[in-house]
J.: 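Structure provided below as structure tokens; questions to follow.
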4 protein chains.
Amino acid sequence: MTPIERHGADTPDANRPLRADARRNRARVLEAAEAVFAAEGVGASTEAVARRAGVGIGTVFRHFPTKEALLEAVLVARMRALVAHARAAAQGGEPGPALFGFLEHVIEQSATKNAFADALSGAGVDVTEVVGDVRGELLAAIEVLTAQAGAAGALRGDVGAAEVIAVAVGASHAAMWAPDAKIRATAVGVILDGLRKMA
Amino acid sequence: MTPIERHGADTPDANRPLRADARRNRARVLEAAEAVFAAEGVGASTEAVARRAGVGIGTVFRHFPTKEALLEAVLVARMRALVAHARAAAQGGEPGPALFGFLEHVIEQSATKNAFADALSGAGVDVTEVVGDVRGELLAAIEVLTAQAGAAGALRGDVGAAEVIAVAVGASHAAMWAPDAKIRATAVGVILDGLRKMA
Amino acid sequence: MTPIERHGADTPDANRPLRADARRNRARVLEAAEAVFAAEGVGASTEAVARRAGVGIGTVFRHFPTKEALLEAVLVARMRALVAHARAAAQGGEPGPALFGFLEHVIEQSATKNAFADALSGAGVDVTEVVGDVRGELLAAIEVLTAQAGAAGALRGDVGAAEVIAVAVGASHAAMWAPDAKIRATAVGVILDGLRKMA
Amino acid sequence: MTPIERHGADTPDANRPLRADARRNRARVLEAAEAVFAAEGVGASTEAVARRAGVGIGTVFRHFPTKEALLEAVLVARMRALVAHARAAAQGGEPGPALFGFLEHVIEQSATKNAFADALSGAGVDVTEVVGDVRGELLAAIEVLTAQAGAAGALRGDVGAAEVIAVAVGASHAAMWAPDAKIRATAVGVILDGLRKMA
DNA sequence: GATGAATGAGCTTTCATTCAT
DNA sequence: AATGAATGAAAGCTCATTCAT
């Protein structure tokens, strides 16, 4: 129905760099969505997100054509941040602390905001499908951390990146569920200890 | 939110004798609710529950005055089952296997059905408030298991019942997130290893 | 998902005779829909229909799960009325007047309310699909009228029921379009004359 | 509703010179609108029209300040084409064939695209109001054809231009409704026969 | 003049909850 | 007690229209 999509003719590049204000609004909406969903759960209304972002509903739907798309975008954004963090950690000093520092960061974040993904999966969204590319990137980034830590003798031999992620997800939830800071610290400590090289 | 939930059990005549068929219906609804919410998430409609239970909606609401009340009842029922399981385990043979066997049961269950609680907490319900009595009972039952295992030298010294529960919650989620059986087994193993006595 | 749909056990017959008040409401909604869509076009809101019927929106959607379903139901109802009228006409006296009287009735009705179907087809609904059974019944009923009139020498030899319907649809629109009564009468007369036996 | 539509034509410099590209865009939009509305009904979105025309929405609204204005413009354009066709026909050879050829053209067009006007009238727009001038022109052009055909004895004596138009509208709809080509041909034939001189 | 991002009223649809039967 | 029809407040989403770029 849109044969050529030619609508500028002299616009330098085809797939729209997105006007400056549009870009700004998109970011604001994403931010607002993250905050609102973290605070009220995925059941929060799209209007609430719009209000928080200070834009009209129409704007939210222009950028994310579906509520699910918005949810996905939030998830992807969060994962992208994790990827960046993991890469930075891999660059840093000692392998062991690099990996465990990263994990603690993940857990901390999840604990205050909301768990790795599961408000989504609880709502019936197939998380795996959604995150596509990013999932691969995250896996790769963690693979590096894992390999380094393994080589340095700081990590159990039988675990790879996938296992580390699963364990991190678990630790996040343990942290969320723990009724107080002391219990939280112990529980997380226990779980992470499970990852360390056994004597 | 509905503290006076306490229904029957050992008060043979008191509050509500509850006609035989009414009792049966209550049970059917609860069962249906568990199945439906497990399958479709907490967003599933109350009508779907009624349909599955083979009763009219009116009946569902007669027994559980609110959708939230129904959700809570499901959660409480599941925890009650855990309590029973934990007590049975404590009666059995060796302390170490008793505790870890129980934990594996919990994790397995959560993994196939759905996590310990969090569809609820994802929906903004304060789980801690809700479960009131049962939470105490579960804690007590696990305390017994924990103490026995600790005395037998099968459990890290610095963890009590609360920590064990948090770790179990974590392990459940690790299991749910793991993409395949092999990774699931390793991740759960790692976490439970964290609980064992360190050399 | 609804294995048996057993919800009465002693309700005499299975597929719900529909409670008395429900039946009444369904009829009211249908009537209201006919009036509202006739007056404001198919673009009229479902709420307007509910208001006119004196019921809540929910009730409209309980009976007709979709706006399209409501539209279809209106169309089917109207066609059913035509079928009844055609059958009655076939019972009556002379074949020629029976057919042409019926056609005039159809045209008159369409002219005041709105055309045979096309607000729908204008809205992209595939009318043919929708009316299924009724279409067949109408065709059959008109077939009878047509055959009788043909035998009586009051109808052109080369037209059957389908052609008669098409011509009636045409005449309805001619009537709707005509700017005044005199022109309307002449135009309709011209078209119906086309159907009569040529000398 | 936009009476001052009168644009250019024989006023070479007056109201708006209208830049060359603007003129081109106006035409493109009109064309696109005709195609889109024909294909998807009047419910089609203005954006769809813009997309099809290869312009931004803003441009559509600059030329036609309202969706209704756009709809009207499409209708007027179509009628203008008919006027031209009618005038050409009047110039041609024998009166009878001239009139009936014209009518067949009208019917054919309507049948493939969509009926004379009624998606509009179905949407609650008062078509008569809208077309103002053009309606008069069309009437006049057909008056000529009618008079010629009448004088040549090829047309019933009691019908004038208005009746012919009404009948043409009817025939268009008969054609649209007919389920197959054979029935369509017969039904249209019947209606047009009604217009011919009776023996 | 052209563009397309922003707007928000309005629409369809769902669902917890109530209440006459 | 049980039923299921009725209710109406949201929710998600669309689209004509405006206006800064």
J.: I want to check one thing: is the phosphate of E:dT7, taken as OP1 and OP2, less than 4.0 Å away from some side-chain N or O of A:T59?
T.: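 It does, given that an N or O in the side chain of A:T59 lies less than 4.0 Å from OP1 or OP2 of E:dT7.
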J.: Identify, with sequence neighbours excluded, every residue that meets side-chain contact (heavy atoms from CB on, under 4.5 Å) alongside C:A48.
T.: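 Residues passing side-chain contact (heavy atoms from CB on, under 4.5 Å) with C:A48: C:V36, C:S45, C:R51.
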J.: Looking only at non-hydrogen atoms, find the nearest pair between D:V49 and D:A32 and report the distance.
T.: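 Nearest heavy atoms, D:V49 then D:A32: O-CB, 3.7 Å.
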J.: Please check this pair: side chain of A:K67 against backbone of A:V42, looking for a donor-acceptor N/O pair closer than 3.5 Å.
T.: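 Yes; at least one donor-acceptor contact below 3.5 Å.
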J.: Using only side-chain N and O atoms of D:N25, determine if any of them is under 4.0 Å from OP1 or OP2 of E:dA2.
T.: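 Answer is yes, contact under 4.0 Å.
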J.: Could you tell me the separation between the CZ atom of B:R51 and the P atom of F:dT3, rounded to a whole number of Å?
T.: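 In whole Å, F:dT3 P and B:R51 CZ are 14 Å from each other.
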J.: Going by side-chain contact (heavy atoms from CB on, under 4.5 Å), name the residues that satisfy it together with A:R19, two or more places apart in sequence or in a different chain.
T.: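 Result, side-chain contact (heavy atoms from CB on, under 4.5 Å) vs A:R19: A:D21, A:A22.
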J.: Can you see if the side chain of A:H63 gets near the phosphate of E:dA6 - specifically, an N or O under 4.0 Å from OP1 or OP2?
T.: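 Checking E:dA6 against A:H63, a side-chain N or O does come within under 4.0 Å of OP1 or OP2.
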J.: CZ of A:R62 versus P of E:dT3: gap in Å, rounded?
T.: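 Rounded to whole Å, this separation is 14 Å.
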J.: How many whole angstroms separate atom CZ of C:R23 from atom C1' of F:dG4?
T.: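 Those two atoms, CZ and C1', are 16 Å apart.
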J.: If the condition is side-chain contact (heavy atoms from CB on, under 4.5 Å), which residues does D:E31 pass it with, not counting sequence neighbours?
T.: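 Once residues adjacent in sequence are excluded, D:E31 has no partner under the side-chain contact (heavy atoms from CB on, under 4.5 Å) criterion.
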J.: Please report the interatomic distance CG(B:L71) to OG1(B:T66), rounded to the nearest 0.5 Å.
T.: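 Atom-to-atom, B:L71:CG and B:T66:OG1 are 10.5 Å apart.
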J.: To the nearest Å, give me how far apart CZ (C:R28) and C1' (F:dA6) are.
T.: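 Answer to the nearest Å: 11 Å.
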J.: Considering heavy-atom distances to DNA chain F, does C:V60 or B:A22 have its closest nucleotide positioned more toward the 5' end?
T.: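 Here B:A22 is the residue nearer the 5' end.
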J.: Can you give one letter per nucleotide of nucleotides 12-21 of chain E, 5' to 3': B if a protein heavy atom sits under 4.0 Å from the base, S if only from the sugar-phosphate, - if neither?
T.: SBB-SBB---
J.: State which residues pass side-chain contact (heavy atoms from CB on, under 4.5 Å) with C:A35; sequence neighbours excluded, sorted by chain then number.
T.: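 Counting only residues at least two positions away or on another chain, C:A35 forms a side-chain contact (heavy atoms from CB on, under 4.5 Å) with C:R52.
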J.: Find the bend of the helix from E:dA2-F:dT21 to E:dT21-F:dA2 as the angle between its two terminal axes (five pairs each), to the nearest 10°.
T.: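 About 0° separates the two local helix axes.
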